[in-house]
2 protein chains.
Amino acid sequence: MTGPRAASASYLKVKQHLKDGLAEGRWRPGQLMPSEAELVAQFGVSRMTVNRALRELQAEGLVERVQGVGTFAAQLHHVSSTLTIRDLHEEIEERGHRHDAQVHLQAREPANAAVAHRLGVKPGAMVFHTLIVHRENGVALQCEDRYVNPAVAPDYLGVDFTRITPTRYLLQVAPIWDAEYVLSACPASPEEARLLDIAEGDACLVIERRTVFRGVPITWARLVHPGVRYQIAGRFSP
Amino acid sequence: MTGPRAASASYLKVKQHLKDGLAEGRWRPGQLMPSEAELVAQFGVSRMTVNRALRELQAEGLVERVQGVGTFAAQLHHVSSTLTIRDLHEEIEERGHRHDAQVHLQAREPANAAVAHRLGVKPGAMVFHTLIVHRENGVALQCEDRYVNPAVAPDYLGVDFTRITPTRYLLQVAPIWDAEYVLSACPASPEEARLLDIAEGDACLVIERRTVFRGVPITWARLVHPGVRYQIAGRFSP
DNA sequence: CAGTGGTCTAGACCACGAC
DNA sequence: TCGTGGTCTAGACCACTGA
């Protein structure tokens, strides 16, 4: 007997059974849950099938598994959410609106201490720096202040960023990377206020993001959004 | 031959090989990638092993798989990030600081139209409403304005929220749920400014979150944080 | 030592899409 | 029809943990 018969696959049935039990509190956080062997006997499926169910629950953060010990109901401490950071150009186009970018700066300059640390270069080393304002239907939506490691994207200064966003360009140079980010709310500085056409001190949503490709820092960006015009939405489970 | 020999498991080797190829641009977004059968031949492993590697890459958003067609390199459109939303009490205690909560409101009241819609009840139906300020070492960190569906947490009004946070209490009532959230930056309202001991109009980081348990709305909360005192940090890969 | 999870195999049947 | 991915099996060896 194999193949998905009626509604769902076997591993999904096992998974749902355990999920239901966790939701009902049948296993309190930290408590030992049934072993693979027990579930094999209970559901009459092979161990690989049970293993897949448990592995996916682990990936979702619902259970913790320790080799040689067992599977435990996860603590409730935190929940993981999936936050989708899109390329702004695509996001705007998808809304059926028009995106354009104003390039206020695109230059080579020596890194100050803070930038040097974030890009993993020596203070004073030359790095690339862009300052770009992205607009949706002519309304400023994001002020992108970005520093780039020249070793990773040597042609960065030659790119026409009115035609492609730095994010998208860098994704082409290094399609896979790790990132760290910090979200915060800040009052607009005088310069930011001027660039975004808002009042000085207005609340802004700020994302600072550093990306790393194979251990080498690629770029560090500070993305400032007018609070009244920009939100980040998402959903997650559990 | 089986078991993890030297450094890593077979499925990890297959996975890393494909990840490297994607990073180098060997397969451009949308392009067809090797089939399971090809990878089986190339690596000399079983199909289940290759399947696991591909399934995990799919879960990570690096490839897209279509039954009957093949596996494709994913588009670069977006990246998924893991944002960890912790229980504020635990977060503060973990920093070695002291958390306390000031309960400004804990009452039953009729839902207005907006709240009724978010909690899936009729306008005018009675719901629970709490307004709590959380402090770290005596400094206000979060103003939590929360509405709760009485059907899910009937004992909500009897809970002492100076001893347990609403988030943690609700996790006990419904350990597993789905959530939607919106992040934004807003100026502090007069009331928020008073509660958080900041100036009116100061930039605040706002999280609005709605959670659903088995299709039934549990709670909707608006969490307002002083921008100067609160940040959300995280990391993600790819 | 026994029990646990971690991984792997060499097959298998199925659903689906393209031809 | 053929090749694709989706799922499943009944074993297996291994590393690890705890008694």
Side-chain angles (χ1 to χ4, degrees), chain A residues 1-19 21-22 26-27 29-75, chain B residues 1-19 21-22 27-75:
Chain A
M1 207 252 289
T2 178
R5 275 303 154 90
S8 63
S10 295
Y11 82 93
L12 287 176
K13 288 187 184 129
V14 176
K15 207 174 147 182
Q16 193 57 50
H17 169 259
L18 295 170
K19 240 171 152 166
L22 287 167
R26 195 180 311 161
W27 304 287
Q31 272 189 6
L32 186 63
M33 295 180 62
S35 71
E36 297 194 351
E38 287 171 323
L39 291 167
V40 163
Q42 182 179 345
F43 284 86
V45 298
S46 80
R47 199 186 140 208
M48 276 299 278
T49 301
V50 163
N51 180 268
R52 175 167 175 185
L54 286 169
R55 200 155 23 83
E56 293 195 358
L57 288 174
Q58 181 183 34
E60 293 170 20
L62 288 181
V63 305
E64 290 168 9
R65 314 193 73 196
V66 185
Q67 186 175 120
V69 184
T71 299
F72 301 88
Q75 301 298 326
Chain B
M1 208 254 285
T2 178
R5 276 303 153 94
S8 63
S10 295
Y11 82 93
L12 287 176
K13 290 189 183 125
V14 176
K15 208 174 147 182
Q16 193 56 48
H17 169 259
L18 295 170
K19 241 172 152 167
L22 288 166
W27 304 287
R28 307 308 302 178
Q31 272 189 6
L32 186 62
M33 296 179 61
S35 72
E36 297 193 351
E38 287 170 323
L39 291 168
V40 163
Q42 182 178 345
F43 284 86
V45 298
S46 80
R47 200 187 139 208
M48 277 298 278
T49 301
V50 163
N51 181 268
R52 176 168 176 185
L54 286 169
R55 199 155 22 82
E56 295 195 358
L57 288 174
Q58 181 182 33
E60 293 170 20
L62 287 182
V63 306
E64 291 168 8
R65 314 193 74 195
V66 184
Q67 187 174 114
V69 184
T71 300
F72 302 87
Q75 301 298 324

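In what follows, chains are A, B, ... by sequence order, proteins preceding strands, each numbered from 1.
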Visitor: Roughly how bent is the helix from dC1(C)-dG18(D) to dA18(C)-dT1(D) end to end, in steps of 10 degrees, with each end axis from five pairs?
Guide: 10°

Visitor: For T49(A) and dT9(D), is the shortest distance between a side-chain N/O and OP1 or OP2 below 4.0 Å?
Guide: yes

Visitor: For DNA chain C, whose closest nucleotide is more 5', that of V69(A) or that of M48(A)?
Guide: V69(A)

Visitor: Does anything in residues 38-47 of chain B come within less than 4.0 Å of DNA chain C? Heavy atoms only, and list the residues if so.
Guide: G44(B), V45(B), S46(B), R47(B)

Visitor: So which nucleotide from dG6(D), dC8(C), dC8(D) ends up closest to the side chain of A9(B)?
Guide: dC8(C)

Visitor: Tell me, do Y11(B) and V45(B) make a side-chain contact under 4.5 Å, heavy atoms counted?
Guide: no

Visitor: Is R65(A) close enough to dT4(C) that one of its side-chain N or O atoms is under 4.0 Å from OP1 or OP2 there?
Guide: no

Visitor: Does dT7(D) have OP1 or OP2 sitting under 4.0 Å from an N or O in the side chain of Y11(A)?
Guide: yes

Visitor: What I want to check is whether the side chains of N51(A) and R55(A) have a donor and an acceptor closer together than 3.5 Å.
Guide: yes

Visitor: Any chance you could measure R65(B), atom CZ, to L57(B), atom CG, to the nearest 0.5 Å?
Guide: 9.0 Å

Visitor: Think T71(B) has a side-chain N or O under 4.0 angstrom from the OP1 or OP2 of dG5(D)?
Guide: yes

Visitor: As an exercise, state the distance from CG of L54(B) to CZ of R47(B), rounded to the nearest 0.5 Å.
Guide: 10.0 Å

Visitor: Is R55(B) close enough to dG6(D) that one of its side-chain N or O atoms is under 4.0 Å from OP1 or OP2 there?
Guide: no

